[in-house]
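Convention: sequence-line order gives letters A, B, ...; per-chain numbering from 1.
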There are 2 protein chains.
Amino acid sequence: MTNQSKGETCKELQAALDIISGKWKPIILFHLMENEKLRFSELQRAIPEITRKMLTSQLRELEYNNIVHREIYHQVPPKVEYSMSEYGHGLKPLLIAMRSWGFDHLEHLENLYRQDNEKLIKE
Amino acid sequence: MTNQSKGETCKELQAALDIISGKWKPIILFHLMENEKLRFSELQRAIPEITRKMLTSQLRELEYNNIVHREIYHQVPPKVEYSMSEYGHGLKPLLIAMRSWGFDHLEHLENLYRQDNEKLIKE
DNA sequence: CTGTATCCCCTTTGATACTG
DNA sequence: CAGTATCAAAGGGGATACAG
């Protein structure tokens, strides 16, 4: 086993988090997992609340980390397509596992909330 | 499949990330996974760079989310023990999966770095 | 020993306007 | 269409001092 005991930060875990954390990265990744290729504008429509700046920057970081591929068509008007890189597809199982745990967790919170409410009603 | 296509944020994934993101949460969680119970001061020694304030706040958030249990011994001087809650143990597989992916990713980066270096040497 | 309270900084995010 | 530039706001995080 790795020795995390004396001051060694858990760099593996951090490495994974560095890739997927960022306010919009999770949802961007899921759209790209489910759609093969998406244009910039399609992503924008899919995530209406995001600004162009944020969409650009988050995609750039994913591209920098080799998770996402960016294909530029030199046309007028321009067209750019984003897709998961081959390497990026390796993230899929992890993202699915996270989503699954998150789903259960939201149910868990629901139950806690319900119990609190019932307690309040009784009193 | 869930429909993430039109503006629905991926709340499940976000829920998972909310729990484990935070500068010190990953390493705190791993220490608690490997040690059953740890006192506040033991955690501090295990993570020397962390400040008391941060250790407190991160633990409080984990406690609030029902991941970590806090046991207070009313003594002088005080003694507080932290441990994974039963619910928190359910995070273990996910954390291990993340660490595993992160490990591979760090190797991936190593290889990229090495290739770049060899290219530079050739030129 | 196990915390809190303050104050400050820095990074991330957002609003808005401009451009090839 | 697919961005960039600029500035402002918000929040997370750190240093330090104090407290039960």
Quiz item: Pick the nucleotide of DNA chain D nearest each of B:T51 and A:E42; which residue has the one closer to the 5' end?
Solution: A:E42
Quiz prompt | B:R39 vs B:T56, nearer the 5' end of DNA chain C by closest nucleotide | solution = B:R39
Exercise. Would you indicate, yes or no, if C:dT13 has its OP1 or OP2 atom less than 4.0 angstrom from a side-chain nitrogen or oxygen of A:S57?
Key: no
Exercise. Please check if any side-chain donor atom of B:D18 sits under 3.5 Å from a side-chain acceptor atom of A:H105, or the reverse.
Key: no
Exercise. Whole angstrom is fine here: how far is it from CD in B:E81 over to C1' in C:dG3?
Key: 16 Å
Self-check item: Nucleotide nearest B:V80 when distance is taken to its side chain, options C:dT2, C:dG14, C:dT6
Solution: C:dT2
Quiz item: A:L55 CG to C:dT12 P: how many Å, rounded?
Solution: 18 Å
Quiz item: Rounded to whole angstrom units, what separation is found between the CH2 atom of A:W24 and the C1' atom of C:dG14?
Solution: 10 Å
Quiz item: Expressed in angstrom and rounded to an integer, what is the separation of B:E71 atom CD from C:dG3 atom P?
Solution: 12 Å
Quiz item: Only one of B:Q14, B:E12, B:K11 forms a side-chain contact (heavy atoms from CB on, under 4.5 Å) with A:R99, so which one is it?
Solution: B:E12
Self-check item: Boundaries of the chain B footprint along DNA chain D (any atom under 4.0 Å from a heavy atom)
Solution: D:dG13 to D:dG20
Exercise. Could you tell me whether A:K37 and A:E81 make a salt bridge, using a distance below 4.0 angstrom between a side-chain N and a carboxylate O?
Key: yes
Practice problem: Answer with base, sugar-phosphate or nothing: what part of the nucleic acid does A:Y82 contact at a heavy-atom distance below 4.0 Å? | Solution: sugar-phosphate
Quiz item: Can you tell which of C:dC1, C:dG3, C:dG14 lies closest to the side chain of A:K23?
Solution: C:dG14
Practice problem: Would you mind reading off the distance between A:I50 atom CD1 and C:dA15 atom P, rounded to a whole angstrom? | Solution: 12 Å
Quiz item: Hey, is CZ on A:F103 packed in by over 12 heavy atoms from elsewhere, all under 6.0 Å?
Solution: no
Quiz item: In whole angstrom, what separates A:K53's NZ from C:dG14's P?
Solution: 9 Å
Practice problem: Using whole Å, report how far NZ of B:K79 lies from C1' of C:dC1. | Solution: 12 Å
Exercise. Would you tell me if any nitrogen or oxygen in the side chain of B:R60 comes within less than 4.0 Å of OP1 or OP2 on C:dG3?
Key: yes
Quiz item: For the ring pair B:H69 and B:Y82, is the centre-to-centre distance below 6.0 Å?
Solution: no
Quiz item: Relative to the ring of B:Y87, is the ring of A:H108 parallel (under 30°), tilted (30 to 60°) or perpendicular (over 60°)?
Solution: parallel
Quiz item: Within this structure, what is the CD-to-P distance between B:Q75 and C:dC1, rounded to whole angstrom?
Solution: 13 Å
Practice problem: Work out which heavy atom in B:L94 is nearest to a heavy atom in A:L94; give both atom names and the distance. | Solution: CD1-CD1, 4.3 Å
Quiz item: Of the candidate nucleotides C:dC18, C:dA5, C:dT2, which contains the atom at the shortest distance from the side chain of B:S41?
Solution: C:dT2
